[in-house]
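Computed from a prediction, not measured in an experiment: that's the story for all the values here.
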Amino acid sequence: MMRLAVRTLRYRKSGFIATFVAVVFGTAIVLACGGLMETGIRSNVPPERLAAAPLVVTGKMSHLRPGAEDATPLTEQVGVSAALVDKIRAFDGVTDVIGDLTFPAPVLKQTGAGAGSASPVPGGQGHAWDSARLAPYHLQSGIAPRSGEVVLDSATARSLGAQVGKPVSLLAQGEQKTFTVSGIADGPAGHTFFATDDATRLANRPGQYAALGVLVAPGTDLKGLRKQIEKADGGVSALTGIDRGLVEHLEAVQKKTTLIAVAGSFGGIAAMTMMFVVASTLALSAQQRAREFALLRSIGTTPGQVRRMILGEAMMVSLPAVVVGVLPGLLLGRWLFDQLGANGVASSDVTFYQGLIPFAAGAGAAVLAAVGAALIAGRRSAKIRPVEALAEASLERKWFSWVRLVFGVLFLGGGLALAIVTATVMTGPLAGATAGPAVLCWAIGVALLGPAATKAVLFLLRWPLYAVSRVNGRLAILNVTARSVAMSAAVMPVMLAVGIATANIYMQTTQVDAAAKAFTKDLRADAVLVSTASGLASSLLPQVQALPGVASASAYVTSLGVIDEPRNAPFDEEGAPLQGLTAQGPDGTAPVRLTSGSLEDLTGSTVALPDRVASKIDRGVGSSIKMTLGDGASVDLRVVATFAAERGYESLVLPADLLAAHTTDRMAQQILVRFAPGASLGPELAKLAAGTPGVQVADRDALIAGNGEDLQTQAWVNYLLVGMLIAYTAVSVINTLASATVRRRREFGLQRLTGSTRGQVLRMLTTEGVLVALAGITLGTLVALTSLMPFSAAVSNSVLPSGPIWIYLIIIGIAFALSLLSTLVPATTVLKSRPAEAAARAD
C-alpha cells in the first residue's frame with residue numbers, strides 16, 4: 001500500500017500540493033510562536049554594567065500574598081537593605097560586596113541658544129563611582145569624581161563633545177543641575193558616575209541599594225553561596241550567569257509574563273487553526289477521491305489497507321513540508337520578536353531563542369495534524385461497503401456520524417459556557433481571557449457540524465439568488481444545493497477566517513473604547529504637564545498651583561500593588577492598579593466620583609477605594625487595609641474615601657508623594673491641571689515647562705491617549721497576530737476552493753459537450769463562489785457575534801461591539817475576493833483544455 005501511495009502522489013498533485021502548503025505555513029507559525037515562548041521563559045539578558053560581579057543580589061521581583069497560589073509580579077525596582085552588605089561579606093569565599101545605586105540622571109544636550117534649548121539624552125542612569133568596577137569601567141582620562149563632579153562614559157562624552165574640567169548639565173530629581181566632568185571612562189554607554197555622597201542624595205533610597213555586586217575568590221561554590229545569601233534574607237534573590245542581566249533591565253522581567261502569555265495564547269490558537277486547516281484540506285481531498293477508494297474496496301482492498309495508504313500519503317506530504325517550513329518559521333519568529341520589542345510588548349534587550357523545543361512543537365503539531373486529519377478523513381472511505389461506496393462516489397450525501405455529532409455538540413456547549421462566564425463573571429480587561437477561547441470553540445463546533453450548517457444557510461440564501469439569476473445562475477444554485485455536503489469543506493475555511501478576524505479585531509476596538517470611556521467619564525483635567533525624561537521635580541507642582549487661573553493641580557502617579565489584608569480583594573495575580581493624587585477638594589482634578597469621605601484627607605498613609613472593592617473586602621471610611629506596593633514595601637493604609645468606578649476598571653487612589661516614593665524613578669511623571677472658568681493657560685504653562693528641560697504641556701486628549709497607550713499596544717499586537725492567522729486561513733480558502741475547482745474538470749467538460757460555453761460555465765462558477773462566500777460570511781459572523789456580544793456586555797454597557805463598520809466591510813470584501821478568485825482563476829485554466837479530453841478524465 002505504501003508503494004501505491006507513492007504512485008498516487010504523482011496523479012493527485014493538486015490535492016497534495018494544497019496539503020503541503022497548509023503544513024508548511026502551519027509549521028512556520030507554530031515554530032515562530034514556540035520561539036517567542038522560549039524567549040519569554042528564558043528572558044536572557046547578557047550582563048553589561050554588572051558583568052564583573054560573579055553574583056548579583058537584588059530584591060525579589062514578585063510577591064505572594066497570603067492565601068494566594070500564584071505570586072504577583074512587582075513592577076518597580078525592589079531595593080536591597082544596606083544592612084545585608086556586612087552579612088554577605090562575612091560568608092566564606094566573598095572578597096568584597098559593592099552596593100549599586102541606580103537612579104535616572106539623563107545628560108542634557110544643547111540644541112540651541114537659551115535656557116530651554118537643552119534636551120535630555122534618553123535612557124541616562126546615574127550611579128556611585130564605587131560601583132564602576134563592576135562593569136568594569138576604566139578611566140581614559142581624568143580622575144574619580146568628588147562632590148559636584150561626574151565621570152561620563154566615552155560614548156556619551158563624544159556625543160556631547162564633553163571634556164575633562166568642563167561643565168555638563170544633567171537632570172537629577174527632575175531638575176537641571178550642573179556638574180564638572182572629572183573623568184571619562186570606557187564602558188557600557190548611557191551611565192554617569194557621581195561621588196558617593198552625591199549619588200546617595202540623588203538616588204533618594206535611604207538605607208537601600210538597587211543591587212549588590214558580590215566579588216568572590218577563585219573556586220568559590222556560587223551555588224552554595226547563593227543559598228546562604230537567600231537564607232540570610234528571604235526577600236532577596238541571588239543571581240549568577242546570564243540571569244544577572246535582568247537586574248540591569250527591569251523591563252525584561254516585567255514584560256516576561258506578557259511575552260509568555262502572548263506567545264502561549266497565540267501559539268495555542270495557531271496550532272488549533274493549523275489542525276483545522278490541514279484537516280479540512282485532507283477531508284476535501286478524501287471526498288474527491290471517494291470513487292477511487294470505492295474501486296479499491298470493490299477489488300478486495302481491506303479497510304486497514306486503505307487507511308494505511310491514506311496515512312502513508314499524509315506522512316510523505318507532511319514530513320517534507322515540515323522541513324521546508326523550518327526556515328520561514330525561523331525568519332518569522334525573529335521578525336515577530338523584533339516587532340514586539342519595537343512596540344514595547346517585549347524587551348528588545350532580551351536575547352531571542354528558537355531552539356529544538358519550538359522546532360519539536362511545530363513539527364510535532366504539523367505531523368500530528370496531518371496524520372490525525374488523514375485518519376479521520378479516510379475513516380468512512382475505509383469502512384464503507386464497496387457497493388455503497390460506488391453508489392455515493394459521484395455525490396457526497398452522507399456526512400453524519402455519532403462521533404462528529406458528539407464532539408460538535410461538546411464544542412458548541414463549551415462555547416456557550418464560556419460566553420455565559422464572559423457575560424456574567426468576567427469584567428473589564430479580564431473578559432478577553434474567556435471570550436477569545438469561546439471564538440475557537442464556536443468555530444470548531446460549527447466546523448464539525450459544517451454540512452448541516454452549510455445546508456441550512458444555503459437553503460436560506462438560494463431563494464433570493466434564484467429569483468434574480470438566469471439559467472447559469474440557477475444551475476449553480478441547484479449544483480451547490482445538491483453538493484452541499486462537499487461544499488461545506490469550502491465554506492468552513494471562509495467561516496473560520498471571517499469569524500476569527502471579526503471577533504478578535506472587534507474585541508480590541510471594544511476594549512480600547514470601553515477603557516477610554518471609563519477613564520474620561522470623570523476626568524476633569526484641562527491640561528497635563530508630562531515628563532519626557534526622568535520625572536517631574538517636586539518643586540514644579542507648587543509653581544503650577546500658584547499660576548493665576550489654575551483652579552486645581554495634582555501630581556499624578558501610576559503603579560501596581562497587592563492587597564494583602566483583607567485577603568478577599570477582587571484583583572487577580574496581576575495586582576491592583578494604583579493611582580497617586582495630591583490631596584484636593586471636591587473641585588479638584590481627581591478623575592473620581594466620591595461617594596463617601598474626602599480627598600482632602602489623602603495625605604500620609606491613606607487610600608481611597610472604589611465602591612465595589614470596598615464592598616467586597618468590607619472596608620469603609622475609617623477602616624484600614626494592608627498593601628504591598630510596587631517596590632515590595634509593605635504599608636498599612638487608612639481608608640479616607642470611597643468612589644464610584646466602572647466595573648472592571650477600578651484603581652486604588654493613594655497620596656501621590658507616597659506612591660511616587662515606591663516607584664523606580666521616585667518621582668511623579670505627570671501633573672494634572674484644571675482651569676478656572678473662562679481661563680486659558682496655554683502660554684503660561686508652556687513658559688513654565690520651557691524652564692525645565694524634559695517637560696512638555698499636553699491637552700486632555702494627550703492624557704487620554706497616554707492612559708490607553710498600553711491597550712493600544714496590546715491592540716496592535718493582536719491585530720498583527722490575528723492578521724497572520726487570517727493570512728493562514730486565507731491560504732486554506734485558496735487551497736480548498738482551487739483544489740475543488742480543478743478536480744471538477746470532468747464535470748465542466750461534460751457541460752461544454754452539452755452546449756455550454758466557457759462564459760456560461762464561468763458565470764455558473766461565479767454564482768457558486770458568491771454562495772460559498774455568503775455562506776461562510778454568514779456562519780463566520782454568527783460565530784463572531786456569539787463571543788462578541790457577551791464580551792461587549794462585560795466590558796461596556798452595551799451588547800453591541802464598538803468599532804468602525806469599515807473593518808467588517810473589509811473582512812467580508814476580502815472573503816468575497818478570495819472565494820471568487822480561488823474559484824475563477826483555476827477554472828479559467830481548466831477550461832482551456834478540450835471538452836472531450838476533460839470529460840474523459842476521472843474526477
Side-chain angles (χ1 to χ4, degrees), residues 58-65 71-79 102-104 173-174 203-205 208 210 250-258 344 428-429 515 518-519 528 530-531 533-536 538 541 554-564 569-583 589-592 599 602-610 613 625-637 639 643 645 649-672 703 706-711 713:
T58 184
K60 283 189 175 179
M61 291 300 297
S62 62
H63 171 71
L64 183 64
R65 66 178 180 177
T72 300
L74 298 176
T75 57
E76 312 292 347
Q77 187 180 69
V78 181
T102 298
F103 51 93
Q173 294 184 338
N204 191 23
R205 190 185 285 274
Q208 282 190 337
L250 294 177
E251 72 280 0
V253 180
Q254 297 164 2
K255 294 174 180 178
K256 173 180 180 177
T257 303
T258 303
F519 181 74
V528 57
V530 182
S531 170
S534 59
L536 300 174
S538 58
L541 178 60
S554 169
Y556 184 67
V557 187
T558 58
S559 185
L560 288 173
V562 181
I563 299 179
D564 295 319
F571 294 104
D572 63 5
E573 64 276 2
E574 293 186 1
L578 306 178
Q579 296 183 51
L581 296 169
T582 305
T589 59
V592 296
L599 292 185
L602 194 68
T603 58
S605 298
T606 57
V607 64
L609 299 177
V613 176
I625 64 172
K626 185 176 182 179
M627 289 196 68
T628 296
L629 300 183
D631 67 343
S634 179
V635 292
D636 292 314
L637 304 173
V639 180
F643 57 91
Y649 299 96
E650 299 95 345
S651 296
L652 278 64
V653 176
L654 281 69
D657 54 355
L658 171 65
L659 188 58
H662 295 282
T663 60
T664 299
D665 294 338
R666 299 186 173 247
M667 290 176 284
Q669 298 295 322
Q670 296 176 334
I671 293 177
L672 308 181
L703 180 62
N707 176 74
E709 185 175 346
D710 289 342
L711 283 174
T713 299

Listed by chain and number, what are the side chain to side chain donor-acceptor pair (under 3.5 Å) partners of Gln173, not counting sequence neighbours?
none

Could you state the interatomic distance from CG (Leu629) to CG (Leu560), rounded to the nearest 0.5 Å?
11.0 Å

Using the side-chain contact (heavy atoms from CB on, under 4.5 Å) criterion, which residues pair with Val557? Sequence neighbours excluded.
Ala656, Leu659, Ala660, Thr663, Ala668

Could you state the interatomic distance from CG (Leu599) to CZ (Phe643), rounded to the nearest 0.5 Å?
8.5 Å

Among residues at least two apart in sequence or on other chains, which ones pass side chain to side chain donor-acceptor pair (under 3.5 Å) with Arg205?
Gln77, Gln208

Does any pair with a residue in residues 649-662 pass salt bridge (Lys or Arg N to Asp or Glu O under 4.0 Å), and if so which ones, sequence neighbours excluded?
Arg612-Glu650

Just checking, is any N or O donor in the side chain of Tyr556 or Gln669 under 3.5 Å from an acceptor N or O on the other one?
no

Out of the candidates Ile563, Val639, Leu602, only one should pair with Val607 under the side-chain contact (heavy atoms from CB on, under 4.5 Å) rule; please name it.
Val639

Let me confirm one number: the CG-CG distance from Leu578 to Leu652, rounded to the nearest 0.5 Å.
6.0 Å

Got a second to check how far Asp636's CG is from Ile625's CD1, nearest 0.5 Å?
9.5 Å

Taking only residues two or more places apart in sequence or in another chain, which ones pass side chain to side chain donor-acceptor pair (under 3.5 Å) with Ser559?
Glu76

To the nearest 0.5 Å, what is the distance between OG on Ser554 and CG on Leu581?
4.5 Å

Do any N or O atoms from the side chain of Arg65 and from the backbone of Ala71 form a donor-acceptor pair under 3.5 angstrom?
no

Considering residues at least two apart in sequence or located in another chain, which fulfil the side chain to side chain donor-acceptor pair (under 3.5 Å) criterion with Asp631?
His662

Ser634 side chain to Thr628 backbone, donor-acceptor under 3.5 Å
no

